[in-house]
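Here is the structure we will look at.
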Amino acid sequence: MEKTIVTSALPYINATPHLGNFVGSVLPADIYANYLRMKGEDVIFICGSDMHGTPIEVRAIKEKVNTEELAESLHKKAKELFQKFNCNFTYYGDTNSDQNMEITYQIFDALDKNGYIKEVQKELPYCNSDGIFLADRFIEGKCPVCGYEAARGDQCDKCSSLLEPKMLIEPHCTICGKKEIVFKKTTNLALDLKKLQPQIEAFFEKNAKANWSKNAVNEAQKYFNEGLKYRDISRNTKWGFSIPKKGFEDQVFYVWFDAPIGYIGITKEWDDLKWKEYWLSPDTRIIQFMGKDNIVFHTIIFPGMLIGSGLGYTLPKTIKSYEFLNWEGKKFSKSRHIGMDMEEALNIVQDPDYWRFALVLSAPENSDTDFTETGFVEAVNKIMNGKIGNLCQRVFTLINANKRMFDAKATPDPEISSRLDALVNEYTSYFDKLELREALRVVIEMSDLGNSLMSEKEPWLLAKAANYDNKAAAEFSVIMNALLKVAYTVSILMYPFIPNSSLRILKYFGINRAPVFADISSRPELDPTLEPKPIFEKLTDAQISKFRNFS
RNA sequence: AGCGAGGUAGGGUAGCCUGGAGUGCCCGCCGGGCUCAUAACCCGGAGAUCGGUGGUCCAAAUCCACCCCUCGCUACCA
């Protein structure tokens, strides 16, 4: 059986992930993995915390704590949050594991042996006070172009000129604020992407039609057109995996070298034997979800690393990149207090399904989108609650109130059944094209079908007439069986998106496990002992005003 | 600056690749219906010079050129 690995871009845990991070990577990956499980496929869903990198090291210096302990605590918190959001990972690990180090070293050695690792001479800013080399963003000074005081080492935020740290006038270190900066010569290691370009391009040509996002295809094409260059993989800092090469032991891998390898390392951490069945099999299909800021790493660098290693790792098949979610028309920004993070969200509304549902409806699949208070309230109160929840409730209560005349064995209205089948097909075809938002739209459309049939057929009139009219009783059963089937199908199809709520409805049908596609064809039977209770609640004014206070 | 993505009723989206009457969906608004259901649901209506200008074509939201606006990337943020 073909195996599938679904991955989500590894969240960088320096800050609590916000709703924009979630909507473009972990959430769609989780939904898609749930869908494949429902189809009965052999799928693993791999994600984990991206632990290394300068921002965490700098934060540890600023907070005067141990870097590894800080990263570990941030990782635990992130993991817990994703679990609270009901993300059904096969395994959520992190990039700082022994397993990841082992594979990182293995791939590095192979790349080195195959001649894809080069030495490059550099002159880098060094803070004498903190005793560390400074990444471009941690050195600030006066912009040589416009004179702006707080220009960073890579770019001036005022005039957006691209800069080099050496160009800054009177530079200072943003960690300690002192001006004790010197430039030191050093030798770094770099990955020779230029040499790998033909092979990476061949990989791209072969796979880019496999449902890649338009943005991902074009962005990768841009890099090829410009010509690939060297890309640094070692840095003169302490936090990370040290370089296993003579003369470079004092340096660590640049975070984005071991982060994508983390997909493999985390799988190995999950299962020390089975990971090979997935990552070393030509039959494995790898589908990667990420925000648009991550495209280059997944379309160029990671495949390049795997190809160059020559170790036979399976290459990604599909790259699904998302645009960005904005918050009330503005960019999410932790430092400027714009937008809500995942923890804050749960403090307002506890049930993650409410967020999952609303976020998918606003998912930036084709262009940047906005997450707004009105959009959230509409999605939860009007659509999820008013359409889907209410349909189940009205069907269940109407049958429940007329148990005696309801024949559960009556054949459902065939016309309704065929319309239902068509919608199920539409749903799967959207999912197979990775258009998750549209797949959810189909679920909503299905509940619309149920609600309008209810109004059109007026089965409550049949129920009343059934007391003295056998024909009406028969007709009531035919229609209500069809409507029951609609509610049942809706509750199965919503499972990938809002699993908790789906399971809550399925209990009424006596199903106490995750649904599978095969369930759709079986006849739903309503448990007569259960009193129908609304599946969803509307957002309260208190919740809405709490939400508003974030805007 | 270069490259990529986007701009469609009041808001949000689909349609664009492969041209065929502004075609669809969700919300809001206006009117009606229904009383099974959670003040819910259903039906109907109004509302758009499809970012702008020019071009190709019998025909352009769709193809081409230029321009404007938003976002991303540009290799040490990840």
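These numbers come from the heavy atoms of this one structure, side chains and all, not from hydrogens, waters or symmetry mates. Labels below follow one simple rule: chain letters A, B, ... track the order of the sequence lines, proteins then strands, and each chain is numbered from 1. Computed from a predicted model, the values in this text were never measured in an experiment.
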Of the candidates B:C76, B:A14, B:C26, the side chain of A:Lys122 sits closest to B:C76
Sorted by position of nearest nucleotide on RNA chain B, 5' first, the leading residue of A:Ile535 and A:Leu134 is A:Ile535
- Message: I'd like the C1' distance from B:G45 over to B:A9, given in whole Å.
- Response: 14 Å
(Q) Between A:Lys507 and A:Asp527, does any NZ, NE, NH1 or NH2 come within less than 4.0 Å of an OD or OE carboxylate oxygen? (A) no
- Item | A:Lys464 side chain near B:C36 phosphate (N/O to OP1/OP2, under 4.0 Å) | yes
- Audit row: A:Ser501, A:Asp353, side-chain hydrogen bond (donor to acceptor under 3.5 Å, both in side chains) steps and yes/no: CA-CA 7 Å; A:Ser501 313; A:Asp353 282 358; 2.5 Å; yes
Checking B:C43, B:C73, B:C71 against the side chain of A:Asp368 (C-beta onward), the nearest is B:C71
| said: For the residue pair A:Thr67 / A:Glu57, report whether a side-chain donor-acceptor contact shorter than 3.5 Å exists. | reply: no
note: A:Gln393, atom CD; B:U35, atom C1'; distance rounded to Å ~ 15 Å
note: A:Trp460, atom CH2; B:C41, atom P; distance rounded to Å ~ 14 Å
Do A:Asn188 and B:C76 have a side chain to base donor-acceptor pair shorter than 3.5 Å?
-> yes
Is the phosphate of B:C71, meaning OP1 or OP2, less than 4.0 Å from a side-chain N or O of A:Ser367? no
Does B:A78 have OP1 or OP2 under 4.0 Å away from a side-chain N or O of A:Arg235?
yes
Would you say a side-chain N or O of A:Asn218 is under 4.0 Å from OP1 or OP2 of B:A5?
yes
For B:G44, the nucleotide meeting Watson-Crick or G-U wobble distances (both under 3.5 Å) is B:C30
Among the nucleotides B:C26, B:A78, B:U13, whichever has the atom closest to the side chain of A:Glu438 is B:U13
- Message: Does atom CZ (A:Arg419) have a neighbourhood of more than 12 heavy atoms from anything else shown, all under 6.0 Å?
- Response: no
Inset, instruction - For A:Phe133, report the nucleic acid contact type (base, sugar-phosphate, nothing); a contact means any heavy atom under 4.0 Å. - result: nothing
Original post:
Using 4.0 Å as the upper bound for N to carboxylate O, is an ion pair formed by A:Asp368 and A:Lys292?
Top reply: yes
From the candidates B:U13, B:U38, B:A78, the one with an atom nearest any side-chain atom of A:Lys538 is B:U38
note: A:Glu365, atom CD; B:G15, atom C1'; distance rounded to Å ~ 15 Å
Using a 4.0 Å heavy-atom cut-off, does A:Thr54 contact any base of the nucleic acid, only the sugar-phosphate backbone, or nothing at all? sugar-phosphate
Do the side-chain N or O atoms of A:Arg394 get closer than 4.0 angstrom to the phosphate oxygens (OP1, OP2) of B:C42? no
Partner of B:U38 under the Watson-Crick or G-U wobble criteria, both distances under 3.5 Å, comes out as none
Which whole number of Å gives the distance between the P atom of B:C25 and that of B:G15?
-> 15 Å
* Would you indicate what A:Asn215 reaches in the nucleic acid, counting non-hydrogen atoms under 4.0 angstrom: base, sugar-phosphate, or nothing? => sugar-phosphate
(request) In whole angstrom, give me the gap between the C1' atoms of B:C36 and B:C42. (result) 13 Å
Original post:
How is A:Asn326 classified with respect to the nucleic acid when contacts are heavy atoms under 4.0 Å: base, sugar-phosphate, or nothing?
Top reply: nothing
So CG of A:Leu191 and CE of A:Met305: to nearest 0.5 Å the spacing works out to 7.0 Å
Checking B:C73, B:U35, B:A14 against the side chain of A:Leu461 (C-beta onward), the nearest is B:U35
| query | In whole Å, what separates the C1' atom of B:U62 from that of B:A21? | reply | 15 Å
Between CZ of A:Phe332 and P of B:U70 the distance, given in whole Å, is 20 Å
The answer to which of A:Glu456 and A:Pro534 contacts RNA chain B further toward the 5' end, by nearest nucleotide, is A:Pro534
To the nearest 0.5 Å, atom CG of A:Asp541 lies from atom CZ of A:Arg548 at 8.5 Å
For B:A1, the nucleotide meeting Watson-Crick or G-U wobble distances (both under 3.5 Å) is B:U74
How would you label the contact of A:Gly386 with the nucleic acid (heavy atoms, under 4.0 Å): base, sugar-phosphate, or nothing? sugar-phosphate
| query | Within the structure shown, what part of the strands sits under 4.0 Å from A:Gly227 by heavy-atom distance: base, sugar-phosphate, or nothing? | reply | base
By the 4.0 Å heavy-atom rule, please label A:Gly291 as base, sugar-phosphate, or nothing. nothing
By the Watson-Crick or G-U definition, both distances under 3.5 Å, B:C50 is matched with none
Q: Write down the distance separating the P atoms in B:U8 and B:G55, rounded off to the nearest Å.
A: 24 Å
| What about A:Lys292, does its side chain sit under 3.5 Å from the base of B:C73 through a donor-acceptor pair? | no
Per side chain to side chain contact (heavy atoms under 4.5 Å, CB included), A:Ser477 is matched among A:Asp407, A:Leu462, A:Ile399, A:Leu484 by A:Asp407
### Message
Would you measure the distance from the C1' atom in B:C71 across to the matching atom in B:U56 and give it in whole Å?
### Response
31 Å
Interatomic distance, CG@A:Leu81 vs CZ@A:Phe22, rounded to 0.5 Å, equals 9.5 Å
Of the candidates B:C26, B:C36, B:G2, the side chain of A:Arg441 sits closest to B:C26
* **Check: A:Ser8 side chain, A:Val26 main-chain N or O, donor-acceptor pair, under 3.5 Å** => yes
The nucleotide from B:C3, B:U35, B:A78 with an atom nearest the side chain of A:Pro55 is B:A78
Rounded to whole Å, the CG-P distance (A:Asn381 to B:C26) equals 17 Å
Scan nucleotides 27-29 of chain B against the protein and return all N/O pairs shorter than 3.5 Å with their distances rounded to 0.1 Å.
{"from": "B:C27", "atom 1": "O4'", "to": "A:Glu378", "atom 2": "OE2", "distance (Å)": "3.1"}
{"from": "B:C27", "atom 1": "O2'", "to": "A:Glu378", "atom 2": "OE1", "distance (Å)": "3.0"}
{"from": "B:G28", "atom 1": "OP1", "to": "A:Lys382", "atom 2": "NZ", "distance (Å)": "3.0"}

Sugar-phosphate only, base, or nothing, as touched by A:Asn385 at under 4.0 Å among non-hydrogen atoms:
base
Heavy-atom side-chain contact between A:Leu325 and A:Leu359 under 4.5 Å:
yes
pair_partner(B:A61), Watson-Crick or wobble, both distances < 3.5 Å, evaluates to none
Pairwise C1' distance for B:C63 and B:U70, with rounding to whole Å
24 Å
We want to know whether A:Thr186 and A:Asn236 form a side-chain donor-acceptor pair, criterion being a heavy-atom distance below 3.5 angstrom. yes
Margin query: Taking any heavy-atom pair under 4.0 Å as a contact, classify A:Ser362: base, sugar-phosphate, or nothing.
Written below: nothing
Side-chain contact check for A:Tyr254: nearest option of B:A78, B:U13, B:C43 is B:A78
With a 4.0 Å cut-off on heavy atoms, is A:Phe297 in touch with a base, just the backbone sugar-phosphate, or nothing at all? base
**Report entry** Pairwise C1' distance, B:C16 and B:G22 [rounded to whole Å]
**Finding:** 14 Å
In whole angstroms, the gap separating C1' of B:C73 from CH2 of A:Trp256 amounts to 15 Å
